[in-house]
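In what follows, a single structure is set out as structure tokens and then discussed.
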Amino acid sequence: MDFFNNSSRSSSLTLGEKICAALFPLAALIEVLIYAVTNCFDCQPRIQKISYRLTDLARLSLESPFSINELEALYELYKKLSTSIIDDGLIHKEELQLALFQTPYGENLFLDRVFDLFDEKKNGVIEFDEFIHALSVFHPYAPFEQKIDFAFRLYDLRQTGFIEREEVRQMVIAILLESDVILPETLLDDIIDKTFSEVDADKDGRISKEEWKSFVVKHPSILRNMTLPYLKDVSTAFPSFIFSTELED
């Protein structure tokens with residue numbers, strides 16, 4: 001889809017809208033991930049049993065905005081993802097890619113970065129604790145500071161503590177390719193130039209975390225798409241999560 005060939009349309013976009021256009025797929029893919037897996041429950045009995053330690057759920061509830069009941073529902077979602085290819089109770093990158101893009105194959109810079117952010121322990125898999133921590137960022141009650149930090153780390157591909165021009169270019173191109181959007185090189189350069197002219201306060205050619213935070217605080221709508229309202233009540237949003245719970249002491 002060539003959304004940007006119309007120069008009058010592109011010139012009417014504010015900087016915030018352009019940045020949001022780049023950040024939006026992240027929240028959108030999280031939403032797709034949840035709905036794609038919950039749809040699978042339609043083919044199963046509606047009464048499910050889970051086995052998880054009550055102490056673990058209680059701890060996760062303290063570490064996240066989710067209630068214990070909501071964590072039980074998210075555990076069912078996690079189990080479905082973590083057994084889609086390799087039945088070991090852990091989410092591998094191929095399983096995340098299958099859920100998001102309907103194929104476990106192919107290179108995808110955006111997926112690589114998202115997986116890396118989810119994989120807190122850097123052991124090549126996403127454990128349930130990590131899954132909850134990542135989803136917590138998109139909760140309506142998550143601190144805005146947490147959303148700012150997550151968005152910054154998404155673009156800090158080399159993990160240097162700065163966002164550089166080439167990193168922004170690589171990420172935006174990867175996102176647009178997945179969205180089948182054709183963006184002319186000149187417009188891409190214009191967006192990056194405009195972004196850096198407004199965010200890079202000390203004009204050193206890179207965006208520090210402090211510069212990013214300062215800019216987002218002034219323009220909070222930039223991160224509005226990093227909030228998924230229905231995460232406030234997962235069990236109500238997804239009525240297929242009806243199950244009996246088998247908790248261990």
Side-chain angles (χ1 to χ4, degrees), residues 1 21-46 48-52 60 64 66 70-139 150-151 153-155 157 159 170-182 225-228 230-231 234-235 237-243:
M1 290 178 289
L23 287 176
F24 174 73
L26 178 58
L29 287 179
I30 298 299
E31 193 166 9
V32 167
L33 173 66
I34 294 174
Y35 274 102
V37 179
T38 53
N39 285 340
C40 295
F41 286 95
D42 294 337
C43 304
Q44 298 180 349
R46 295 180 67 79
Q48 302 287 328
K49 288 187 178 181
I50 69 172
S51 178
Y52 206 74
L60 276 176
S64 72
F66 300 109
E70 290 168 340
L71 288 171
E72 292 171 0
L74 289 172
Y75 184 60
E76 284 295 311
L77 168 64
Y78 177 85
K79 286 199 301 182
K80 195 67 181 178
L81 280 171
S82 63
T83 58
S84 60
I85 296 178
I86 304 172
D87 191 2
D88 62 356
L90 301 166
I91 297 177
H92 296 255
K93 185 181 293 185
E94 297 85 354
E95 291 172 321
L96 185 63
Q97 185 166 352
L98 177 63
L100 294 177
F101 304 113
Q102 287 76 57
T103 175
Y105 309 110
E107 296 294 324
N108 188 303
L109 175 64
F110 184 62
L111 174 77
D112 290 345
R113 192 69 194 117
V114 171
F115 187 89
D116 189 54
L117 291 180
F118 275 53
D119 180 16
E120 298 171 341
K121 298 176 184 176
K122 308 304 177 190
N123 57 359
V125 293
I126 300 172
E127 300 176 16
F128 183 58
D129 290 28
E130 297 170 319
F131 184 68
I132 294 302
H133 293 162
L135 288 184
S136 295
V137 176
F138 298 89
H139 196 285
F150 194 93
R153 289 187 293 129
L154 177 69
Y155 280 89
L157 301 180
Q159 302 177 50
Q170 289 178 23
M171 185 61 72
V172 171
I173 289 175
I175 292 171
L176 293 175
L177 285 175
E178 287 301 326
S179 305
D180 293 324
V181 174
I182 301 173
N225 291 310
M226 288 194 66
T227 297
L228 300 177
Y230 58 77
L231 286 181
V234 174
S235 21
F238 303 110
S240 59
F241 284 136
I242 299 176
F243 49 86

Spatial distance of atom [atom1] ([X]) from atom [atom2] ([Y]) [nearest 0.5 Å]:
| X | Y | atom1 | atom2 | result |
| --- | --- | --- | --- | --- |
| T83 | K79 | OG1 | NZ | 8.5 Å |
| L157 | D116 | CG | CG | 9.5 Å |
| F115 | I91 | CZ | CD1 | 8.0 Å |
| Y78 | L90 | OH | CG | 4.5 Å |
| L154 | M171 | CG | CE | 4.5 Å |

Those residues that, when tested against [X], pass side chain to side chain contact (heavy atoms under 4.5 Å, CB included) (two or more places apart):
| X | result |
| --- | --- |
| S136 | S64, P65, F66, I132 |
| E120 | E130, H133 |
| Q97 | F101, L111 |

> Do D112 and K93 meet the salt-bridge criterion of a basic N to acidic O distance under 4.0 Å?
Replying inline: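 Yes, K93 and D112 are salt-bridged.
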> Salt bridge or not for D119 and K122, using N-O below 4.0 Å?
Replying inline: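 Here D119 does not pair with K122 in a salt bridge, since their nearest N and O are not under 4.0 Å apart.
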Which atom pair, heavy atoms only, marks the closest approach of [X] to [Y]?
| X | Y | answer |
| --- | --- | --- |
| L60 | F128 | CD1-CE2, 3.5 Å |
| E95 | S84 | CG-OG, 3.3 Å |
| L117 | R153 | CD2-NH1, 3.5 Å |

> Do F138 and F150 have ring centres separated by under 6.0 Å?
Replying inline: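 Centroid separation for F138 and F150: below 6.0 Å.
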>> If the test is side-chain contact (heavy atoms from CB on, under 4.5 Å), which one of V125, I126, L81 qualifies with H92?
In response: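 The residue from V125, I126, L81 that satisfies side-chain contact (heavy atoms from CB on, under 4.5 Å) with H92 turns out to be V125.
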